Amino acid sequence: MNILLLGSGGREHALAWKIAASPLVTKLWCAPGNAGIARDAECVALDIADHAAVIDFCRANKVDFVVVGPDAPIAAGIVDDLNAAGFKAFGPTKAAGQLESSKSFTKTLCRANNIPTAAYEHFTDAGKAKAWIRAQGAPIVVKADGLAAGKGVVVAMTEPEAIDAVDMMFGGGLGAAGAEVVIEEFMQGEEASFFALCDGEHALELATAQDHKRAFDGDLGPNTGGMGAYSPAPVLTPAIRAQVMEQMITPTLRALAAMGSPYKGVLYAGVMVTKDGPKLVEYNARFGDPECQVLMLRMMSDIVPALIASADGQLKNFSLRWFDDVALTVIMATRGYPGDYGKGFVIEGLDDAARVERVEIFHAGTKADGSRILSNGGRVLNVCATGKSVTEAQARAYAAVDKIKWPEGFCRRDIGWQAVKRETAGD
Ligand code: AMP
Ligand code: GLY
């Protein structure tokens with residue numbers, strides 16, 4: 001079958017790598033792709049925000065199935081438009097995708113269905129928001145309602161910080177995304193990522209992961225899209241996973257189906273494991289990046305039938321097999337990320353790094369220039385490794401990182417620290 005994958009990040013490289021390994025695939029394209037994806041798929045220079053252009057490409061090339069990687073095309077309704085044009089696609093419709101694109105939609109759904117999450121209020125007015133903050137006190141969390149490229153959340157440890165965040169958001173600091181604001185209770189605990197493949201009615205639990213959102217070692221510095229991840233996440237024990245399925249995923253699918261917007265695609269729950277049990281931090285309507293990279297390395301089964309079963313509503317009785325070994329990924333980013341950074345720096349040593357035992361390197365923001373690889377974004381490379389333990393996978397990943405010559409790049413040196421600590425303690 002002919003498959004078109006949409007996106008250009010490390011998540012999409014991992015998906016391309018896994019999809020390309022399927023014997024069901026005749027031809028795989030990726031739009032727009034990157035220098036690494038070009039090894040696994042034919043990259044096409046399509047503007048994926050131009051849905052008519054994507055549909056024209058599908059018609060001209062007899063595409064059988066479209067896999068949507070990132071959140072922006074989902075929020076823009078690419079799946080609705082592809083379906084209306086007669087093409088099958090993996091991912092939720094725009095209405096179901098509101099689980100990610102509108103925090104107040106999700107909060108309302110949680111309240112109506114008793115899904116455990118932080119207590120919250122929704123505001124369209126700065127004065128009322130500030131009064132509520134003063135009444136609650138800090139720590140407190142201020143969130144822009146719309147999609148804000150990971151910059152829409154301020155975890156304020158003090159009241160003035162929270163007030164500043166309200167002024168910034170209502171002052172237009174995040175554009176339209178900040179016109180409405182959700183303010184919520186600060187949840188204390190360990191955070192992890194839970195993934196379920198959904199077909200509108202049924203959910204198939206995938207592997208778990210934990211990512212590292214802060215830019216610097218010791219979980220310090222600004223929030224980023226994610227600086228590294230590993231799978232599985234031991235904090236999500238079988239008992240907690242059962243609670244997440246029962247208390248979050250199942251009622252969410254039921255509620256969306258009842259609204260006439262059944263959820264198909266991967267549902268990613270950011271979960272805070274608190275002393276009162278798991279609570280939902282947020283939903284995303286796509287695979288995590290970089291969590292997808294470690295999930296793909298651990299998935300033993302062919303992914304293509306699973307993605308099609310999700311789109312076709314056929315996940316009941318479906319199962320996937322996973323490798324027991326753990327996987328870990330270290331993100332190499334351009335210095336300055338998540339703030340301003342330069343582009344076009346030469347990266348060397350990638351072939352040497354990829355030769356380290358059980359290492360796989362996925363590309364995010366890269367561009368080919370003849371035989372050279374240039375940096376072309378904030379998050380640039382995902383250096384991944386597998387092993388019997390997180391300690392082992394971590395050692396392999398950093399051995400590979402150390403072979404990469406890229407002075408303008410940086411990475412955290414402590415990815416997987418929570419799990420390494422547990423392993424060292426024999427926990
Ligand atoms: P979000 O975009 O909603 O996932 O928020 C980004 C990050 O902020 C999350 O991954 C958490 O680490 C943190 N966060 C969000 N909401 C809360 C909360 N209510 N309590 C504590 N931390 C939070
Ligand atoms: N790794 C966090 C995310 O994909 O949103």
Side-chain angles (χ1 to χ4, degrees), residues 2-22 25 27-51 53-55 57-58 61 63 65-82 87-94 97 100-101 147 149-150 193 195 197 211 224-226 229 264-268 284-297 299 303-304 306-307 310-311 329 331 333 360-368 376-382 384:
N2 293 334
I3 299 185
L4 170 65
L5 170 67
L6 303 182
S8 61
R11 166 183 49 214
E12 287 75 28
H13 190 185
L15 286 169
W17 174 84
K18 187 67 188 158
I19 293 170
S22 168
V25 176
K27 175 80 187 175
L28 175 64
W29 293 274
C30 183
N34 63 38
I37 294 175
R39 294 199 304 252
D40 296 299
E42 183 181 331
C43 294
V44 282
L46 268 178
D47 173 6
I48 62 174
D50 181 349
H51 297 185
V54 173
I55 290 166
F57 180 89
C58 292
N61 294 281
V63 169
F65 191 50
V66 181
V67 178
V68 187
D71 51 328
I74 288 165
I78 185 88
V79 172
D80 309 62
D81 290 343
L82 283 164
F87 292 99
K88 193 181 292 226
F90 174 77
T93 59
K94 183 175 180 171
E100 172 162 10
S101 62
L147 284 177
S193 307
F195 299 90
L197 209 54
D211 91 344
T224 70
K264 296 180 173 187
V266 64
L267 182 56
Y268 157 8
N284 292 307
R286 47 163 178 90
F287 278 107
D289 185 350
E291 292 97 322
C292 183
Q293 289 82 314
V294 286
L295 256 55
M296 291 306 114
L297 285 172
M299 191 185 285
I303 192 173
V304 172
L307 301 179
S310 157
T329 182
I331 307 305
E360 196 64 51
I361 299 176
F362 295 126
H363 290 214
T366 66
K367 196 168 105 180
N376 192 39
R379 292 192 293 173
V380 172
L381 294 169
N382 310 152
C384 312

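What you see is a predicted model, and the numbers here were worked out from it, not measured in a lab.
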What pair of heavy atoms forms the shortest contact from [X] to [Y], and how long is it?
X	Y	result
Ile74	Gly97	CG2-CA, 4.2 Å
Ser101	Ala75	CB-CB, 4.1 Å
Asn382	Ala364	ND2-CB, 4.4 Å
Leu297	Cys384	CD1-CB, 3.3 Å
Leu46	Ala31	CB-CB, 3.8 Å
Ala89	Ala311	O-CB, 3.5 Å

Give a yes or no on whether the backbone of [Y] and the side-chain of [X] come within a donor-acceptor separation of less than 3.5 Å.
X	Y	result
Lys88	Phe65	no
Arg379	Thr224	no
Asn284	Arg286	no
Asn34	Ser8	yes
Asp80	Lys94	yes
Glu12	Gly9	yes

Side chain to side chain contact (heavy atoms under 4.5 Å, CB included) involving Asn61 - partner list, sequence neighbours excluded: Trp29, Phe57, Val63
Do the side chains of Asp211 and Pro290 get nearer than 4.5 Å, heavy atoms only? yes
So, do Phe90 and Ile3 sit near enough that their side-chain heavy atoms are less than 4.5 Å apart? no
Could you give me the CA-CA distance, side-chain angles and deciding distance for Gln293 and Thr329, then say whether side chain to side chain donor-acceptor pair (under 3.5 Å) is met? CA-CA 7 Å; Gln293 289 82 314; Thr329 182; 5.8 Å; no
Inter-residue atom distance [X].[atom1] - [Y].[atom2], 0.5 Å rounding:
X	Y	atom1	atom2	result
Cys43	Leu28	SG	CG	9.0 Å
Phe362	Leu381	CZ	CG	12.0 Å
Leu307	Lys264	CG	NZ	13.5 Å
Tyr268	Asp289	OH	CG	9.5 Å
Phe87	Asp81	CZ	CG	12.5 Å
Cys292	Leu15	SG	CG	4.0 Å

Could you go through the side-chain contact (heavy atoms from CB on, under 4.5 Å) check for Ile78 and Ile48 one step at a time? CA-CA 9 Å; Ile78 185 88; Ile48 62 174; 5.8 Å; no
Taking the inter-plane angle between the rings of His13 and His363 on a 0 to 90° scale, is it parallel (under 30°), tilted (30 to 60°) or perpendicular (over 60°)? perpendicular
Tell me, with the steps shown, if Thr366 and Asn376 meet side-chain contact (heavy atoms from CB on, under 4.5 Å). CA-CA 5 Å; Thr366 66; Asn376 192 39; 5.5 Å; no
